[in-house]
There are 2 protein chains.
Amino acid sequence: MKSEHIPKATIARLATYIQVLSEFKREGTDVVSSERLAEACSVNSSQIRKDLAYFGEFGVRGVGYYVQDLITSIKRSLGIDRAWNCGLVGVGNLGRALLRHREFSRKGFNIRGAFDCDPYKIGEIVEGMEIVCSRQLPAKVKELSLEIGIITTPPERAQRAANYLVGAGIKGIINFAPSRISVPSHIHLEYVDFFHHFYAAAFHIRFAEHQE
Amino acid sequence: MKSEHIPKATIARLATYIQVLSEFKREGTDVVSSERLAEACSVNSSQIRKDLAYFGEFGVRGVGYYVQDLITSIKRSLGIDRAWNCGLVGVGNLGRALLRHREFSRKGFNIRGAFDCDPYKIGEIVEGMEIVCSRQLPAKVKELSLEIGIITTPPERAQRAANYLVGAGIKGIINFAPSRISVPSHIHLEYVDFFHHFYAAAFHIRFAEHQE
DNA sequence: GAAGTTTTGTTAAAAAATTCACATTCACAA
DNA sequence: TTGTGAATGTGAATTTTTTAACAAAACTTC
Ligand SMILES: NC(=O)c1ccc[n+]([C@@H]2O[C@H](COP(=O)([O-])OP(=O)(O)OC[C@H]3O[C@@H](n4cnc5c(N)ncnc54)[C@H](O)[C@@H]3O)[C@@H](O)[C@H]2O)c1
Ligand SMILES: NC(=O)c1ccc[n+]([C@@H]2O[C@H](COP(=O)([O-])OP(=O)(O)OC[C@H]3O[C@@H](n4cnc5c(N)ncnc54)[C@H](O)[C@@H]3O)[C@@H](O)[C@H]2O)c1
């Protein structure tokens, strides 16, 4: 059914499918039905079939989905069947945690450049990578073919970091700082904010108490 | 219009509104229209009015919203007008970054307990807090009145961590590990997975290239 | 190789979320 | 006090997303 516009929610679910399918694979399961996958992901089974239909036909009727094949197909659909070079701006607490996180490269996102403006941090080695001055961003983006910029600076510096990245020719930005930034429309921008999960928890716990 | 069920998306947006309103406040803006707030949040203005209507009437017709009042009202609506005590299980890279993050307590989520099962880590002090053995969870949850559990263990340990937390009487869990876990239905469970933001970036960048 | 079973892919129906449109309300000025 | 302008709150219209239902396809068994 291949389609044009893909809902954001679909992409988030595809990430979950990959996660759960990988677990199935580790357990030695070769084939899985949409029903069984749906249960493991806590979604409706036609939701899964619909999500997949945006990209093509990956299953076998009467059988289900071959786990490994489906992982491969979803990855190809999302464009993560190849490596993406990333640059991280702001090597503080969070930036360091991300740099040390092996899962990034395992999932195809290689953090190849780490940038900071603090002279005490520049030159330091983190996870085998030297922290470089932000001023060198343009040169490094080209040199390392960086395509995705990760912003982990304090919020008031996020816009500046974004400007550097955009100027350097980055194609997409993931902003972990809690501030809205503006970038040209051809740059893909994602905000990461996990506080809303805490808000949701607080809200629901309180609501449940209120019910009693 | 006060309503029963609140969409997840609404809660995520309310988090954004708080963020942007706080910025307005810092800049000295006292009153803001839904139109202006909408622009800053990149959403539709009636979306904002609808989101707020779930909880009550907070604006003044012909005027707009008083920034400080609206922040207060949203916080009260979400149940974050009081402090929430949290316990963090798994003091690794990510756990440490979260423990060191001041924003948590500023937003009302106080991480009061840090737990790990690694004997080399137990006893260590992080941000003025002693890392405690996971076995002491039940005692500590009661002692410190912990209500929300934060899981930052490796994925294969997340279920066990959840079991401990549930057994200890926690009310909600935020799981940062990339694995599905099961908890009794009265426990509120949130998954934090920011890889889907990377997937979305990769997908859109690639799609844009494909368009050319 | 036909009949039966299973599970997909897809169309149709239902539900939910978003946007529009405007009557209502409030502040302020004449 | 009344009129004017502005912006909220909300019902209705629209769009999007989710769920249900089922025909088409593939495997299994007899
Ligand atoms: N730590 C967390 O757990 C956490 C969680 C959620 C969000 N965040 C957000 O992530 C961001 C980083 O948090 P953190 O705790 O790592 O803060 P941090 O202060 O430890 O690190 C910020 C780093 O950015 C660097 N920096 C500042 N301006 C810069 C610039 N213009 N160019 C390059 N580097 C610059 C600083 O030198 C510092 O190393 C913040 O916006 C924070 O709100 C952090
Ligand atoms: N580091 C990141 O940037 C990042 C980003 C996204 C998600 N995550 C996820 O967060 C989790 C933690 O990541 P990390 O990089 O901090 O890993 P890590 O290995 O540095 O830390 C894991 C910690 O959990 C402890 N632990 C293990 N089993 C435990 C148990 N049963 N009870 C208590 N503590 C236990 C370990 O001793 C260790 O200190 C992982 O699941 C990871 O996939 C990490």
Side-chain angles (χ1 to χ4, degrees), chain A residues 1-17 20-21 24 29-74 77 196 200 203, chain B residues 1-17 20-21 24 29-74 77 196 200 203:
Chain A
M1 194 198 80
K2 291 224 178 181
S3 169
E4 205 73 341
H5 169 254
I6 312 293
K8 239 179 145 55
T10 290
I11 291 184
R13 280 191 300 265
L14 288 173
T16 306
Y17 304 160
V20 171
L21 286 166
F24 280 143
T29 308
D30 289 331
V31 181
V32 75
S33 68
S34 60
E35 199 64 57
R36 204 149 110 54
L37 180 58
E39 203 194 320
C41 300
S42 312
V43 299
N44 185 290
S45 68
S46 27
Q47 180 78 83
I48 291 187
R49 299 198 295 276
K50 213 0 111 56
D51 284 338
L52 297 176
Y54 283 119
F55 300 97
E57 303 190 5
F58 307 124
V60 182
R61 296 179 189 209
V63 178
Y65 301 89
Y66 292 100
V67 172
Q68 179 55 67
D69 285 1
L70 186 52
I71 294 173
T72 307
S73 301
I74 295 177
S77 303
H196 72 265
F203 173 69
Chain B
M1 194 196 79
K2 290 225 179 183
S3 170
E4 205 72 341
H5 169 252
I6 311 293
K8 239 179 145 55
T10 290
I11 292 184
R13 280 191 300 267
L14 288 173
T16 306
Y17 303 160
V20 171
L21 286 166
F24 279 144
T29 308
D30 290 330
V31 181
V32 75
S33 68
S34 59
E35 199 64 55
R36 204 149 109 55
L37 179 58
E39 203 194 319
C41 299
S42 312
V43 299
N44 185 290
S45 68
S46 29
Q47 180 79 81
I48 291 186
R49 298 198 296 275
K50 253 289 145 63
D51 284 337
L52 297 177
Y54 282 119
F55 300 96
E57 303 191 6
F58 307 123
V60 182
R61 295 179 190 207
V63 178
Y65 302 90
Y66 291 100
V67 172
Q68 178 56 67
D69 286 0
L70 186 54
I71 293 174
T72 306
S73 301
I74 295 178
S77 303
H196 73 263
F203 173 69

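Computed from a prediction, not measured in an experiment: that's the story for all the values here. Heavy atoms only: backbone and side chains are in, while hydrogens, waters and symmetry mates are out. Sequence lines set the chain letters: A, B, ... in the order given, protein chains first and strands last, and positions in each chain run from 1.
For A:Ile11 and D:dT17, the CD1 to P distance is 11 Å, given to the nearest whole Å. Between the C1' atom of C:dA16 and the CD atom of A:Gln47 lies a distance of 12 Å, rounded to the nearest Å. Distance OH (B:Tyr17) to P (D:dT8): 13 Å, rounded to an integer number of Å. Rounding to whole angstrom units, CG of residue A:Leu52 and P of D:dT18 are separated by 14 Å. If you take CG of B:Asp51 and C1' of C:dT19, they are 12 Å apart, rounded to a whole angstrom. Put simply, CD on B:Glu35 is 12 Å from C1' on D:dA6, counting in whole angstrom units. Between the NZ atom of A:Lys8 and the P atom of C:dA17 there is a distance of 17 Å, given to the nearest Å. With rounding to whole Å, A:Tyr65 atom OH is found 14 Å from D:dA26 atom C1'.
The base of C:dT19 sits with one of its N or O atoms less than 3.5 Å from a complementary donor or acceptor on the side chain of B:Lys50.
A 4.5 Å side-chain heavy-atom check between A:Tyr54 and A:Ser77 finds every atom pair outside the cut-off. You'll find the side chain of A:His196 stays beyond 4.5 Å of the side chain of A:Phe203, heavy atoms only. Side-chain atoms of A:Phe55 and A:Leu14, non-hydrogen and from C-beta on, do get closer than 4.5 Å to each other. Considering only heavy atoms from C-beta on, B:Leu70 comes within 4.5 Å of B:Leu52 through its side chain.
Pairing each heavy atom of B:Ile48 with each of B:Ser34, the nearest pair is CD1-O, 3.8 Å.
Taking the nucleotide of DNA chain D with the nearest heavy atom to each of A:Asn44 and B:Gly64, the more 5' of the two is matched to B:Gly64.
Residue contacts for B:Ser34: at a heavy-atom cut-off of 4.0 Å it reaches the sugar-phosphate backbone alone, with no base atom in range. Backbone-only engagement by B:Arg13 is indicated by non-hydrogen atom pairs under 4.0 Å involving sugar-phosphate atoms exclusively.
For the atom pair OH of B:Tyr17 and CD1 of B:Ile74, the computed distance is 8.0 Å after rounding to the nearest 0.5 Å.
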Contacts under 3.5 Å, N or O only, protein and nucleotides 21-25 of chain D:
from   : atom 1 : to      : atom 2 : distance (Å)
D:dA21 : N6     : A:Arg49 : NH2    : 3.2
D:dA24 : N3     : A:Arg61 : NH1    : 3.2

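Counting heavy-atom neighbours within 6.0 Å of B:Glu39 CD, excluding the residue itself, gives a total of 12 or less.
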